[in-house]
Every structure is written in C-alpha cells, then in structure tokens.
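Both backbone and side-chain heavy atoms feed into the values below; hydrogens, waters and symmetry mates do not.
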Amino acid sequence: ATHDEVTLLTIKRDEEEELLKICRGKVRQRGLPMNVVDAEYQFDRHKLTFFFEAEGRVDFRELVRDLFSMYKTRIWMQQLDKNTSTTSPAIMAPQQSVQMDYGTPIIAPPSEFADSLPIAGGMGDARY
C-alpha cells in the first residue's frame with residue numbers, strides 16, 4: 001500500500017469511530033435493545049455497515065432512516081451472533097485461527113465476456 005492509501009485508511013478508521021459514537025447515541029435515544037459494536041465504510045463510501053448484538057429481532061427501521069438522512073449512503077445493519085467469542089468481524093483475538101468461507105462464486109454469463117474470447121475456426125485461430 002502506498003503512503004496515501006495508508007493515510008486514507010487512517011482517516012477512514014477515525015471517521016468510523018465517530019460514526020460508531022453517533023449511532024450508539026441514536027440507539028440510546030430510540031431505546032433500542034441492541035449494542036452497536038462496530039461501524040465500517042466501504043472504501044468507496046457507497047455503503048455504511050453497522051455491526052450490532054441483540055438478544056432477538058430489533059426493529060431498527062427508524063434508526064436506519066435517521067442514519068441515512070445524515071450520511072446519504074446505503075445503511076446496512078449486520079447482527080452478530082452473541083454466542084461467538086468475537087465482537088466484530090474486524091476485531092479478532094490474536095490466538096484464534098480464522099477460517100474464511102467464500103461461499104458460492106458468482107460467475108458472469110458467457111455473454112458478459114464473449115467479446116474477449118477467441119473464436120475457433122476463424123482467421124488467425126489462436127489456441128489459449
């Protein structure tokens with residue numbers, strides 16, 4: 001990473017700390033039974049994710065409206081499992097090993113990249 005990228009990440013992390021404080025204040029103001037543990041901006045700032053813990057389902061629609069009116073970006077609320085030992089996907093205990101689950105890959109249909117594929121049987125038939 002370049003020095004500029006590291007600087008941007010530091011600024012982003014500082015902003016996320018401020019976002020976390022504001023969201024926690026809004027949660028207290030609305031009396032919601034949840035504990036917001038982390039906030040994370042996508043690097044392009046098109047999505048803002050708040051990670052929270054709660055015993056059950058929480059109706060946070062009004063909270064999301066409040067946050068959207070302030071930040072004008074997509075707001076995502078991610079509930080964390082209280083039974084795990086981690087409090088946030090970004091904060092892990094050093095002794096734990098992390099096993100990533102990448103899920104099912106999304107594959108573009110052939111029409112998306114057909115122009116870049118060589119056509120067999122044509123002039124200059126190249127084999128890759």
## Note on the structure
Rounding to 0.5 Å, atoms CD (Glu15) and CG (Leu20) come to a distance of 13.5 Å
### Message
Quick check on Glu55: does its CD atom have over 12 non-hydrogen neighbours (other residues, nucleotides or ligands) under 6.0 Å away?
### Response
no
### Gap between atom CD of Glu16 and atom CG of Leu9 - 0.5 Å precision
9.0 Å
### Query
Is there side-chain contact between Phe50 and Gln78, with heavy atoms separated by less than 4.5 Å?
no
### Query
CD of Gln42 to NZ of Lys12: how many Å apart, nearest 0.5 Å?
9.0 Å
### Results of side chain to side chain donor-acceptor pair (under 3.5 Å) for His3 - residues two or more places apart only
none
### Query
Counting only N and O atoms by type, is there a donor-acceptor contact under 3.5 Å from the side chain of Lys47 to the main-chain atoms of Trp76?
no
List the atom pairs, with distances to 0.1 Å, where a side-chain N or O of residues 27-37 and a protein N or O form a donor-acceptor pair under 3.5 Å, not counting sequence neighbours.
residue, atom, partner, partner atom, Å
Arg30, NE, Asp66, OD2, 2.8
Arg30, NH2, Asp66, OD1, 3.3
Arg30, NH2, Asp66, OD2, 3.0

### Query
How about Leu48 and Arg74: do any of their side-chain heavy atoms sit closer than 4.5 Å?
no
### Euclidean distance, Glu5 CD relative to Thr2 OG1, rounded to 0.5 Å
3.5 Å
### Message
To the nearest 0.5 Å, what is the distance between CE on Met70 and CG on Leu19?
### Response
8.0 Å
### Task
Find out if a path of hydrophobic residues (ILVMFWY) with successive side-chain heavy-atom gaps under 4.5 Å connects Val58 to Phe68.
yes
### Message
Taking ring pair (Phe, Tyr, Trp, His ring centres under 6.0 Å) as the definition, give me every residue that meets it alongside Phe60, ordered by chain and number, with sequence neighbours left out.
### Response
Phe52
### Query
side-chain contact (heavy atoms from CB on, under 4.5 Å) between Met77 and Leu63: does it pass, once the steps are laid out?
CA-CA 10 Å; Met77 303 297 291; Leu63 173 65; 3.8 Å; yes
### Query
Distance from Cys23 atom SG to Phe51 atom CZ, nearest 0.5 Å?
12.0 Å
